[in-house]
Structure formats: C-alpha cells, structure tokens
Protein chains: 2
Amino acid sequence: MAVTNDTPLDAEEFAAYLALREVASLLEHGVEQQLREDGGIGGAQFGILAQLYSSPTGQARMTDLADSLVYSRSGLTYQAGQMEKAGLITRAPGENDERSVMVELTPAGRELLERVMPGHLEVVRQLFFQWLSRDDVLGLADLMPRLRDHMRTAPPRSAKPRRPGPGRSPR
Amino acid sequence: MAVTNDTPLDAEEFAAYLALREVASLLEHGVEQQLREDGGIGGAQFGILAQLYSSPTGQARMTDLADSLVYSRSGLTYQAGQMEKAGLITRAPGENDERSVMVELTPAGRELLERVMPGHLEVVRQLFFQWLSRDDVLGLADLMPRLRDHMRTAPPRSAKPRRPGPGRSPR
DNA sequence: TATTGTTATACTCTATAACTATA
DNA sequence: TATAGTTATAGAGTATAACAATA
C-alpha cells in the first residue's frame with residue numbers, strides 16, 4: 001500500500017488544484033445565487049430534488065440521500081424538514097423496513113425543479129461550459145464520473161499521516 | 001454573442017456537471033477535515049494563508065483578498081479577525097491609501113501553512129490526483145486556469161435571463 | 001461622490017451527541 | 001447489537017445594511 005507521502009504534487013498539479021478550487025467556488029456562487037433567486041432554494045435542496053427526480057420512482061431513502069449528497073444525517077433531516085414544510089417532498093416510513101424513511105417528490109417539488117432547471121442550466125452553461133471546447137467537455141464527461149466513483153470507494157479517512165516528521169521540534 | 005438559451009446542456013454535459021458537483025463536494029469535505037484536524041483552520045483561512053504566502057511580499061489588500069477568494073468583504077473581515085486573534089496575520093493601514101488595510105502573514109501564519117501543507121497535498125493527492133493519468137493532469141492544468149480566467153472576466157451577474165424568453169416577445 | 005473596511009445583526013447551515021424505534 | 005432517523009444544541013460562517021473614514 002503505497003499510500004505514502006513520496007510523491008507530492010508538482011507545481012503544475014498544485015496550480016491546477018488551486019485553479020480548480022477557484023473554479024468550483026465561482027461556479028458554486030453563481031449557481032447558488034440562481035437557485036436562490038429563481039426557486040428560493042439552496043444547493044443542498046437542489047441536490048435533493050435532482051436526486052429524487054432522477055430516480056425512476058421519485059423516491060429515496062434518507063440515508064442514501066445523505067450518503068450520495070455527502071451530508072450528515074441530521075443535516076439531511078434538517079433540509080428534509082424544510083422541504084416538507086414547503087411542500088416539496090413527503091416523508092413516509094419504508095414499507096419493507098420500518099426504520100427507514102422514504103422521501104418522495106411531490107408534484108410541487110417536481111414543478112419547482114422543472115421551473116428552476118432551465119435557468120440553472122443556463123447559468124452553468126454561461127459560467128462553465130461556454131468556455132469549454134467539445135474536447136474539453138468530452139474529457140470532463142469521461143473523467144469526472146470515473147473520478148467520483150474512485151473517490152467514493154477510497155478509504156474515507158484512514159492512514160492519516162500524523163505529520164511527515166521532517167522537523168522534529170516544530171516551533 | 002449568443003449568450004442566449006439556444007444550446008442547453010446535453011445529457012453528457014449534465015452528467016459531467018453532476019459528477020463535478022459531487023467530486024468537488026467530496027474533495028472539499030476531505031480537505032476541510034484535514035485542515036481542521038492538522039491546523040485548526042477551515043478552507044477559507046487556508047485560502048487566505050495560501051494567497052498571502054504566494055505573494056512576494058506576503059501581503060495583500062483586504063478587498064483584493066475578498067475578490068480573489070469570492071467572499072463578501074464583511075465575511076473576510078470576520079475571517080481576518082479570527083486569524084489576527086490567532087496570530088496568523090497582522091492588519092495595518094495601507095501606506096499609499098489610508099483607506100485600505102494591508103494584511104500580512106506573520107511567522108506563525110507562515111509556519112502554520114507550512115506545517116499543514118504536506119498533509120494537505122497528501123489528501124489532495126490521495127483523494128484526487130491519485131486517480132488521474134498524466135494526461136488527465138495535463139488536461140486539467142491546461143483547462144482550469146483558463147477556465148478561471150474566463151469566469152473571472154465574465155459578467156458577474158448581468159443579463160440575467162428572466163426566463164428563457166428567446167423570442168422577441170418576452171411575455 | 002466613490003471606495004475601503006468594519007460593525008451590528010440576523011440567518012442559514014452543519015455537525016455531534018443523545019435518544020427512540022425497528023431489525 | 002446494529003441500523004435508521006430525529007432532536008437538541010451549539011457553533012461556524014455568510015451576507016446585508018448601516019456606518020466611519022479616506023480619496
């Protein structure tokens with residue numbers, strides 16, 4: 001397991017990483033603003049809506065949503081509570097497993113997503129894809145899902161290098 | 001130039017976008033955790049430290065920091081306050097312009113960044129670059145900075161299409 | 001007047017820990 | 001015992017608007 005510290009990022013990689021941070025930040029800001037203005041929701045709720053929408057049944061389990069959206073369960077409960085109050089989703093106990101809660105998209109929720117989506121795509125396109133060549137897009141479309149799968153699989157946070165003990169008495 | 005709504009994202013682009021969202025989220029979480037554990041700082045303060053560190057003088061103006069980090073000025077003031085309290089930076093009025101405030105990295109701040117950086121790079125590598133081919137990295141290194149520059153230049157939020165009214169009768 | 005930065009404030013979000021209920 | 005979810009809570013972070021000072 002060569003999960004050691006022997007190959008640090010080179011300057012090129014680091015520059016790419018910093019630029020990625022900035023791009024992600026800019027994109028997130030733009031998107032957040034559009035969602036807020038056009039639909040009165042934030043990125044978290046948008047993610048939930050999109051997740052449910054893309055499900056054949058329009059349903060999903062709380063825990064699965066939390067996992068796929070990188071949320072704590074309590075955090076998801078909070079958002080789900082807001083969304084239920086707003087009439088965007090319903091929550092009902094699972095049929096097979098009484099412990100679980102199935103979240104379901106309401107017509108209003110579906111409608112909201114459909115109403116917000118055009119502007120959302122527009123922003124993403126203007127802010128992001130507008131600047132990409134066809135090849136860029138193909139590259140991303142190939143890379144990102146692959147990358148996501150890897151990251152999902154990777155050890156969440158094991159082997160945490162305590163400190164690459166170079167200097168022994170820091171300070 | 002055709003900043004209209006005539007070319008929505010296709011399925012491929014949208015999938016890439018969703019995956020990008022997820023990747024960014026996973027990466028952010030991992031990074032945030034490492035920074036918090038190893039340095040007691042969050043991504044925002046890390047960004048500030050990195051920005052100052054990469055400056056030849058170790059200094060920067062408040063507003064410039066806020067802009068480059070996509071923050072409101074009050075938000076930056078808050079972070080700067082925390083960091084000053086922690087001894088990571090100092091704030092002093094600008095020499096040329098008395099209105100401005102120059103933020104400067106202290107030795108402790110520099111030391112913190114240097115202490116945190118190895119683990120940070122390690123996480124980024126394990127979480128992200130580990131899965132990329134050499135070509136992937138080159139592609140990103142080429143694309144991301146370019147993309148960032150475009151996004152910085154793009155109209156911050158003008159021409160906000162009230163709703164895809166491409167026709168001449170916007171309702 | 002315009003710009004820079006801070007303050008006051010209010011609010012959103014998020015996570016941790018304790019708890020309930022089901023498997 | 002292990003899993004699913006909620007609740008209580010507490011804290012970090014963020015933005016808006018009003019304000020003070022300088023250009």
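Per chain, numbering begins at 1; letters A, B, ... match sequence-line order.
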- Item | Nearest-nucleotide 5' precedence on DNA chain C, A:Arg99 against B:Asp64 |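 Closer to the 5' end of DNA chain C: B:Asp64.
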- Task: Map A:Gln45 and B:Arg91 onto DNA chain C by nearest heavy atom, then report which one ends up closer to the 5' terminus.
- Result: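 Checking each residue's closest nucleotide, the 5'-ward one belongs to B:Arg91.
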Measure from [atom1] on [X] to [atom2] on [N] and round the result to the nearest Å.
X	N	atom1	atom2	answer
A:Glu95	D:dA4	CD	P	18 Å
B:Asn96	C:dT3	CG	P	18 Å
A:Gln33	D:dT14	CD	C1'	14 Å
A:Leu35	C:dT12	CG	P	16 Å
B:Ile41	D:dA12	CD1	C1'	15 Å
B:Met102	C:dT6	CE	P	13 Å
B:Met62	D:dA21	CE	C1'	15 Å
B:Arg61	D:dA23	CZ	P	12 Å

- Query: Among the nucleotides C:dA23, D:dA4, C:dT4, which one has an atom lying closest to any side-chain atom of A:Asp97?
  - Reply: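 The closest nucleotide is C:dA23.
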- Please tell me which of the listed nucleotides, D:dA23, D:dA4, D:dA12, lies nearest to the side chain of B:Arg36?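 Ranking D:dA23, D:dA4, D:dA12 by closest atom to the B:Arg36 side chain puts D:dA12 first.
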- Message: Taking side-chain contact (heavy atoms from CB on, under 4.5 Å) as the definition, give me every residue that meets it alongside B:Glu28, ordered by chain and number, with sequence neighbours left out.
- Response: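 B:Glu28 satisfies side-chain contact (heavy atoms from CB on, under 4.5 Å) with B:Glu32 once adjacent residues are dropped.
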- Ion pair B:Asp67/B:Arg61, N-O distance below 4.0 Å: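 The answer is no: the pair does not qualify as a salt bridge.
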- Message: Under 4.0 Å, heavy atom to any atom of DNA chain D: which of residues 67-89 of chain A qualify?
- Response: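 Contacting residues: A:Arg73, A:Ser74, A:Thr77.
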- Indicate the atoms forming the closest heavy-atom contact of B:Met102 with B:Gly94, along with that distance.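 Looking at all heavy atoms of both residues, the shortest contact is CG-CA, 3.9 Å.
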- Task: Apply side-chain hydrogen bond (donor to acceptor under 3.5 Å, both in side chains) to A:Ser133 and A:Asp136, showing your working.
- Result: CA-CA 5 Å; A:Ser133 71; A:Asp136 290 332; 3.1 Å; yes
- Does the side-chain hydrogen bond (donor to acceptor under 3.5 Å, both in side chains) test come out yes or no for A:Gln79 and A:Tyr71, once each step is laid out? CA-CA 10 Å; A:Gln79 294 293 357; A:Tyr71 271 69; 5.0 Å; no
- Query: Out of B:Thr57, B:Ile48, B:Leu52, which one pairs with B:Leu105 under the side chain to side chain contact (heavy atoms under 4.5 Å, CB included) rule?
  - Reply: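 Testing B:Leu105 for a side chain to side chain contact (heavy atoms under 4.5 Å, CB included) against B:Thr57, B:Ile48, B:Leu52 leaves exactly one candidate, B:Leu52.
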- Item | Aromatic plane relationship, A:Trp131 with B:His150 - under 30° parallel, 30 to 60° tilted, over 60° perpendicular |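 Parallel.
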